[in-house]
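Along the sequence shown, residues are numbered consecutively beginning with 1.
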Amino acid sequence: QVQLAESGGGSVQHGGSLRLSCVISGDLSRNYCLGWFRQRPGKERERLVVENTGGRWKYKYVDSAAQGRFTMSRDTVQNVMFLQMNRLNFDDTGMYYCAAHELKNDCATSTYDYNFWGQGTQVTVTW
């Protein structure tokens with residue numbers, strides 16, 4: 001099992017940037033799919049970007065909502081992952097989560113397959 005803890009949320013002006021952090025702890029001897037998700041008011045939780053950290057090839061999936069504006073990175077020494085968010089707009093307001101599942105084949109598409117979640121951090125985009 002792993003434990004995840006996000007930080008870095010807050011209020012940001014429209015068009016601004018924010019960087020979220022997620023500390024990963026626990027059993028890091030296994031390979032995981034790690035990623036960032038969000039839940040906007042009145043909408044379902046959605047995947048933003050995930051990274052397959054194991055296997056022969058390591059790669060990232062960037063979903064359409066994050067294309068061109070959000071970048072995921074990891075500090076593998078400190079076991080922290082980041083979500084850099086640029087050109088934020090009002091539609092980006094919501095609760096942001098980091099999450100993981102143990103890798104079997106590939107990163108899951110459905111949010112329901114991610115069984116390790118942080119507590120979430122609120123992002124609010126303002127005028």
Please check if V50 and V23 belong to a single hydrophobic cluster, counting links between Ile, Leu, Val, Met, Phe, Trp and Tyr side chain heavy atoms closer than 4.5 Å.
no
Please confirm whether the backbone N or O of N86 pairs with a side-chain atom of S17, one donor and one acceptor, at under 3.5 Å?
no
Could you state the interatomic distance from CG (D27) to CD (Q1), rounded to the nearest 0.5 Å?
9.0 Å
CZ (F82) and OG (S73) are apart, to the nearest 0.5 Å, by 6.0 Å
For R74 and M81, the nearest pair of non-hydrogen atoms, with its separation, is CG-CB, 3.6 Å
How far apart are the C-alpha atoms of T53 and N31, what are their side-chain angles, what is the distance that settles it, and do they pass the side chain to side chain donor-acceptor pair (under 3.5 Å) test?
CA-CA 6 Å; T53 67; N31 291 322; 4.8 Å; no
Spatial distance of atom NZ (K104) from atom CG (D113) [nearest 0.5 Å]
9.0 Å
With R45 as the cation and Y97 as the aromatic partner, state whether NZ or CZ is under 6.0 Å from the six-membered ring centre and within 45° of the axis.
yes
Exam field: side chain T93 to backbone V125, donor-acceptor pair closer than 3.5 Å
yes
For residues E102 and R30, report the shortest heavy-atom separation together with the two atoms involved.
OE2-NH1, 3.0 Å
Kindly indicate, with the supporting measurements, whether the criterion side-chain contact (heavy atoms from CB on, under 4.5 Å) is fulfilled by W117 and C98.
CA-CA 6 Å; W117 291 85; C98 55; over 6 Å; no
Ring pair (Phe, Tyr, Trp, His ring centres under 6.0 Å) evaluation trace for F37 with Y96:
CA-CA 6 Å; F37 299 74; Y96 284 70; over 10 Å; no
How close do Q78 and D75 get, heavy atom to heavy atom, and via which atoms?
N-OD1, 3.0 Å
For the backbone of A108 and the side chain of Y114, can you confirm whether one donor and one acceptor N or O come within less than 3.5 Å of each other?
yes
Please determine whether the number of non-hydrogen atoms from other residues, nucleotides or ligands lying under 6.0 Å from atom CD of Q67 exceeds 12.
yes
Rounded distance [0.5 Å steps], CZ in R38 versus OG1 in T111
13.5 Å
Go through the steps for D106 and N52 under the test side-chain contact (heavy atoms from CB on, under 4.5 Å), then give the verdict.
CA-CA 7 Å; D106 204 350; N52 180 328; 3.5 Å; yes
Flag yes if F116 and I24 sit in one hydrophobic cluster, no otherwise; membership is Ile, Leu, Val, Met, Phe, Trp, Tyr, and two members link when side-chain heavy atoms are under 4.5 Å apart.
yes
According to a hydrophobic-cluster definition based on side-chain heavy atoms being under 4.5 Å apart (Ile, Leu, Val, Met, Phe, Trp, Tyr only), do L20 and V80 belong together?
no
Cationic N near anionic O, under 4.0 Å, D92 to R40
no
Under a 4.5 Å side-chain heavy-atom rule over Ile, Leu, Val, Met, Phe, Trp and Tyr, are L88 and W127 clustered together?
yes
Roughly how far apart are N89 CG and H14 NE2, rounded to 0.5 Å?
5.0 Å
From C107 atom SG to R47 atom CZ, the distance as rounded to the nearest 0.5 Å:
7.0 Å
Decide yes or no on side-chain contact (heavy atoms from CB on, under 4.5 Å) for L18 and Q84, but give the supporting numbers first.
CA-CA 6 Å; L18 205 60; Q84 176 68 41; over 6 Å; no
Tightest non-hydrogen contact, residues V2 and A100, listed as CG2-CB, 4.2 Å
Determine, using the 4.5 Å side-chain heavy-atom cutoff (strictly less than), whether F70 and F90 are members of one ILVMFWY cluster.
yes
Closest approach of P41 and G94, non-hydrogen atoms and distance?
CD-CA, 4.3 Å
Exercise: identify the closest heavy-atom pair between M72 and V49:
CB-CG1, 3.6 Å
Given 3.5 Å as the limit, does a donor-acceptor pair link the side chain of E6 with the main chain of G120, or not?
yes
